[in-house]
> 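A single structure is presented below for examination.
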Amino acid sequence: MRPLIVLVHGSLSSAHEWSVYRELLPGADVVAVDLPGHGDRTGEPFSTAAAVEVIADASAGRRPGQPVIVVGHSLGGYMACVFAARRPDALDGLVMIGASGDPGSRMAGVYRGFAWVTERVSHEWLARVRDRIAGLIGLGDDQLPSASAYAVLPASWRAVMRDCPPELLAKVTCPVLFLNGQFDQMRVNERRYLRLARDGALIIVPGATHLAPMTHAGQVASRIWSFSEGLVRRLGART
């Protein structure tokens, strides 16, 4: 059966991050969601509980017996992990992209500092800076965040730091794929995350940064599909 693949975007992004993935994953039913405060949900307050509900609603669209794989990038990866830990019967596989850095580590201080800045500096100015950087790594204009995306960043990253410790993986019962760009700063604790997962695998996308789902979409989609195919085979062998 065709799997249902639920795609959850990163911070400063939206469901549009995954715009080419329906074409790249033709063998699956693909649903991309907007987390609270992002995309079509701009203005909604962000919380871990609200994010989990968004993912749960999308996953609930599965047909009887249909496998569900939740794929989360960065912020979306951490929220997808919370969903998998809290509702293990609602999915069959989890892919965490750029979400294997311990949010309680010293590295998280950089994100706390950036969240502090976004509450005190013009979001339009931040957007211009990010646009210049994103242009250097090949992102198109349609992949850049609007200035309004910065408003929800402090709440979203505080939620990650509070609710998403690596030990959460002990409650995840489904197979987990950690998919990281070669130059992704958020892969810093990937080996620890891999050890904590009951059934985990790690794949590195050569040449990619933290923005791999957008800059290396073909490679990322191929890895997601291989994981999905293997999962479907395993589930079929059990029936």
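In what follows, every heavy atom counts, from backbone to side chain, and hydrogens, waters and symmetry copies are set aside. This one's a predicted model, so the numbers in the text were calculated from it and none came from an experiment.
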> So, taking the atom named OG1 in T173 and the one named CG in L91, what distance separates them when rounded to the nearest 0.5 Å?
7.5 Å

> Between M1 and V70, is there a shared hydrophobic cluster once you connect ILVMFWY residues whose side-chain heavy atoms come closer than 4.5 Å?
no

> Salt bridge check: are D92 and R62 linked by an N-O gap of less than 4.0 Å?
yes

> Nearest 0.5 Å please: distance from the OG atom of S156 over to the CG atom of L12.
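Going from the OG atom of S156 to the CG atom of L12 covers 7.5 Å.
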
> Is there a side chain to side chain contact (heavy atoms under 4.5 Å, CB included) between R234 and D199 once you walk through the steps?
CA-CA 13 Å; R234 288 172 64 175; D199 184 358; 2.6 Å; yes

> Compare all side-chain heavy atoms of R63 with those of D29 and state whether any distance is below 4.5 angstrom.
yes

> Determine whether Y78 and W157 satisfy the following criterion, side chain to side chain contact (heavy atoms under 4.5 Å, CB included), listing intermediate values before the conclusion.
CA-CA 10 Å; Y78 290 108; W157 277 99; 4.0 Å; yes

> How many angstroms lie between CD1 in I5 and CD1 in I224, if you round to the nearest 0.5 Å?
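One finds 6.5 Å between CD1 of I5 and CD1 of I224.
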
> Between atom CG of L7 and atom CZ of R22, what is the distance when rounded to the nearest 0.5 Å?
8.0 Å

> Using 30° and 60° as the class boundaries, would you call the ring planes of H73 and H210 parallel, tilted or perpendicular?
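Tilted, since the angle between the ring planes falls between 30° and 60°.
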
> Looking at every non-hydrogen atom in both residues, tell me the closest pair between V33 and A15 and how far apart they are.
O-CB, 3.5 Å

> Quick check against the 3.5 Å criterion: does H9 have a side-chain atom that pairs as donor or acceptor with the backbone of W18?
no

> In the single-linkage hydrophobic clustering (I, L, V, M, F, W, Y; side-chain heavy atoms under 4.5 Å), do L168 and L202 co-cluster?
yes

> What's the spacing between S228 OG and L235 CG if we round to 0.5 Å?
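Rounded to the nearest 0.5 Å, the OG-CG separation comes out at 10.5 Å.
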
> Check whether any side-chain heavy atom of Q219 lies under 4.5 Å from a side-chain heavy atom of P206, and answer yes or no.
yes

> If only atom types and distance count, is the side chain of R198 paired as donor or acceptor with the main-chain N or O of A170 below 3.5 Å?
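Answer holds: yes.
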
> Is there a side-chain contact between F83 and L94 in this structure, where contact means two heavy atoms from C-beta onward sitting under 4.5 Å apart?
no

> So, R2 side chain and P26 main chain: donor-acceptor pair closer than 3.5 Å or not?
yes

> Which atoms form the tightest heavy-atom contact between C81 and V172, and what is the distance?
O-CG2, 4.0 Å

> Can you find a heavy atom in the side chain of V160 that is under 4.5 Å from one in the side chain of M79?
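They are in contact (side-chain heavy atoms under 4.5 Å apart), so the answer is yes.
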
> So which heavy atom on E17 is nearest to which on S13, and how close?
OE1-OG, 2.9 Å

> Step through the shown structure and confirm whether more than 12 heavy atoms of other residues, nucleotides or ligands are within 6.0 Å of CG on D57.
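Correct, the count exceeds 12.
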
> Can L153 be reached from M161 by stepping across I, L, V, M, F, W or Y side chains whose heavy atoms are under 4.5 Å apart?
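Yes, M161 connects to L153 through the hydrophobic network.
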
> Using 0.5 Å steps for rounding, measure from the CD atom of E53 to the CG atom of L35.
12.5 Å

> Knowing that exactly one of V8, L177, V71, L169 qualifies, which makes a side-chain contact (heavy atoms from CB on, under 4.5 Å) with M96?
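Output: one option passes, namely L169.
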
> Could you report the tightest heavy-atom contact between L194 and F178, atom names first, then the distance?
CA-CE1, 3.8 Å

> Within the distance-only criterion (no hydrogens, no angle test), does the side chain of N180 pair as donor or acceptor with the backbone N or O of R187 below 3.5 angstrom?
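No: the side chain of N180 does not pair with the backbone of R187.
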
> Decide whether I97 and F183 are clustered together by the hydrophobic rule: side chain heavy atoms of Ile, Leu, Val, Met, Phe, Trp, Tyr closer than 4.5 Å, transitively.
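Unlinked, I97 and F183 end up in two clusters.
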
> Of all heavy-atom pairs between F46 and V152, which one has the smallest distance, and what is that distance?
CB-CG2, 3.5 Å

> Can you find a pair of side-chain heavy atoms, one from E190 and one from D184, that are under 4.5 Å apart?
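Side-chain contact under 4.5 Å: no.
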
> Locate the shortest heavy-atom distance separating G10 from H38; write the atom from each residue and the value.
O-CD2, 4.4 Å

> Between R41 and D34, does any side-chain N to carboxylate O distance fall below 4.0 Å?
no

> Could you tell me whether a side-chain N or O of S226 sits under 3.5 Å from a main-chain N or O of R223, the two making a donor and an acceptor?
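No, because the side chain of S226 does not come within donor-acceptor range (under 3.5 Å) of the backbone of R223.
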
> Considering only heavy atoms from C-beta outward, does the side chain of P166 approach that of N189 to under 4.5 Å?
no

> With a 3.5 Å distance limit and no angle check, can you tell me whether Q182 reaches the backbone of G207 through a side-chain donor-acceptor pair?
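Checking the backbone N and O of G207 against the side chain of Q182, a donor-acceptor pair under 3.5 Å is found.
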
